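We use all heavy atoms of the structure for the numbers below, so side chains are in, but hydrogens, waters and symmetry mates are not. Just so you know, residue 1 is the first one in the sequence shown, and it goes up from there. Quick caveat, the model's predicted, so the values are computed rather than measured.
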Amino acid sequence: MTNPIRPLLSIAVVGAGAAGTLTAMRLLRHAAAHGGTSCQVWLIDPEPTGRGLAFGTDAPHHLLNVPAANMSAHWDEPDHFTRWLDRHGHGEVFAPRGLYGRYLADSLDVATELDGAPPLLRIHERVVGISHDEDADRSSLALRFETGQVLRADAAVLALGNFPPDQSWAPPALRDSARFVADPWAPGFEAAVAGADDVLLVGTGLTMVDIALTLQRPGRVVRAISRHGLVPQPHAASLPAPAETPHLDAHGGLADLRRTVLRHLARCRRTHGDWRPGVDSLRQVTSALWQQLPPADRSRFLRDDLRRWETHRHRIPPSSAAVLQEAVDTGRVTIGSGAVADATVGADGVRLVLADGRVLSVEAVVNCTGSQSDLTRVDDPLVTALLGAGLAVPAPVGGGFGTEADGRLLAAPDRAQAPLWTLGGLRRGDLLETTAIPEIRRQADALAVTLLSRTRTLTPAGG
């Protein structure tokens, strides 16, 4: 693919899920608001809809895990999503995720029509490699597609979203079996387990809730296990008053921080009658606290505290919790602790031996362990190519890429830093709290400002 003469700045956004859509949208809005900013934006994703994993579902029971009032695509217009819901005849506090996907698509379409907005060019391709010409004055990136074609750009944002779950916990006999669903979000999932009356879900987090609600029915038993057996807590039936963000410091180490946070939550329970405002009040300081911890304490937190933190921080709608509880009460769903140690696959099903010696016999096993965050174990050609070429490095602890404060990818010590940025879950190792829309929209906005400011340092093509 040969580009025509380009405007001042050509920006490629790789991935058109929520993070990529928000980035493209903010680029268009900022460029339109500052007339004369000359750029073009490429939005690249192999899927025509570009709704991404989280918001590609059309199941009505797959709900947002955040109230609609906090889900605006724009941090500077907090009621943008609720106004959109009102215009479309919806008043849900926790709207269906597929509906939110429509909202993001509509919002991007509106941004393309703004006076002065630069062109948004969509390409339905998969990017499998990126090279960097360190000596080029312009368009120093070459993005290679699966088809072999190449697109040149001045800068790129990697909005790659969620990767398939890790399968390393599954014994080889299970991984190689047709009775194992490696990724419940892959096409054909429900057909793969349609005839199974006894299904095991490995993982008890947010993915488990969605899949259990999808699969549970009379005559079928859905079993869910995880190492801790912890399930996401529900949101309060009515939104409590917010708590003030506390002044915390993590320089004293994880043990001291843990005690301080628990005291803060206890105070919030006494003051508000609920622990939830206390957890929510930590949102503004979580990343800063994470960055103050030394690597050993970060690793210790991931091992000992992360699962309990996530079940309280990332909650489910009260209606989802009620349906799940009803399924548990009637025996259609069971939830407990356990880890798979061995598996034998036969003609009638799978015999599983758990680490504590218990034996389960089921007809299908579904991997609900959540997105793989260790990029050294991700089966993705672009990620593998970037790490192999030294254009990116994995974060030392916690997963994702190593990044600078603005999301720019760190390069290997022997490589020049390329004009590559990222956001969302790919910054987990550096920020910890980086997967929800309120965090991603802020990152997308800051990225748009950063990238458009580069127009002051570049000269026009051919100039």
Side-chain angles (χ1 to χ4, degrees), residues 65 160-170 202-209 224-233 248-262 264-265 275 278-280 282-315 337-340 355 367-380 383 387 392-403 405 407 409-410 422-436 439-440 443:
N65 296 316
L160 306 183
N162 296 302
F163 297 106
D166 179 33
Q167 302 178 38
S168 62
W169 59 267
V202 178
T204 59
L206 295 174
T207 299
M208 180 279 293
V209 174
I225 63 170
S226 67
R227 186 162 59 96
H228 298 291
L230 297 174
V231 178
Q233 295 290 309
L248 299 177
D249 189 293
H251 288 103
L254 179 61
D256 181 65
L257 176 63
R258 187 187 293 123
R259 288 191 293 269
T260 304
V261 168
L262 290 174
H264 169 66
L265 296 180
W275 52 266
V279 171
D280 294 343
L282 299 172
R283 186 169 199 155
Q284 300 301 319
V285 296
T286 299
S287 291
L289 294 172
W290 172 253
Q291 291 167 353
Q292 289 171 8
L293 291 173
D297 273 352
R298 293 190 196 184
S299 297
R300 193 171 297 114
F301 174 85
L302 295 176
R303 185 188 67 235
D304 299 337
D305 301 281
L306 178 64
R307 189 71 192 103
R308 190 171 298 278
W309 164 256
E310 288 183 333
T311 59
H312 289 79
R313 171 65 188 86
H314 300 289
R315 304 188 288 273
S337 60
V340 175
N367 187 5
C368 295
T369 56
S371 175
Q372 171 65 273
S373 59
D374 182 352
L375 299 188
T376 64
R377 298 167 63 181
V378 165
D379 184 18
D380 182 270
V383 171
L387 295 179
V393 294
V397 179
F401 289 118
T403 62
L409 266 61
L410 296 173
T422 193
L423 74 167
L426 289 171
R427 298 196 65 195
R428 182 174 180 265
D430 290 331
L431 301 177
L432 185 65
E433 191 70 25
T434 182
T435 59
E439 281 72 40
I440 295 175
Q443 294 174 27

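Donor-acceptor pairing under 3.5 Å is lacking for the side chains of T434 and R427.
Under the 4.5 Å side-chain criterion, counting only non-hydrogen atoms from C-beta, Q292 is in contact with D249. The side-chain heavy atoms of L375 and L426, taken from C-beta on, include a pair separated by under 4.5 Å. Under the 4.5 Å side-chain criterion, counting only non-hydrogen atoms from C-beta, Q443 is in contact with L431.
In this structure, R298 contributes its side chain and W290 its backbone to a donor-acceptor pair below 3.5 Å. For D430 (side chain) and A405 (main-chain N/O), no donor-acceptor pair under 3.5 Å exists by modelled atom type. Between the side chain of R307 and the backbone N or O of L230, at least one donor-acceptor pair lies under 3.5 Å. Panel note: side chain D297, backbone G253; no donor-acceptor pair is recorded below 3.5 Å.
Taking the charged nitrogens against the carboxylate oxygens, D280 and R283 have no contact shorter than 4.0 Å, which rules out a salt bridge.
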Show the numbers, then the answer: is there a side-chain contact (heavy atoms from CB on, under 4.5 Å) between L282 and H264?
CA-CA 10 Å; L282 299 172; H264 169 66; 4.1 Å; yes
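In this structure, CZ on R428 lies 8.5 Å from OG1 on T435, to the nearest 0.5 angstrom. Once rounded to the nearest 0.5 Å, the distance linking CH2 of W169 with OG1 of T369 reads 7.0 Å. The structure places CD of E433 at 6.0 Å from CH2 of W309, a figure rounded to the nearest 0.5 Å.
Considering every non-hydrogen atom in both V397 and S299, the closest pair reads CG1-OG, 3.7 Å.
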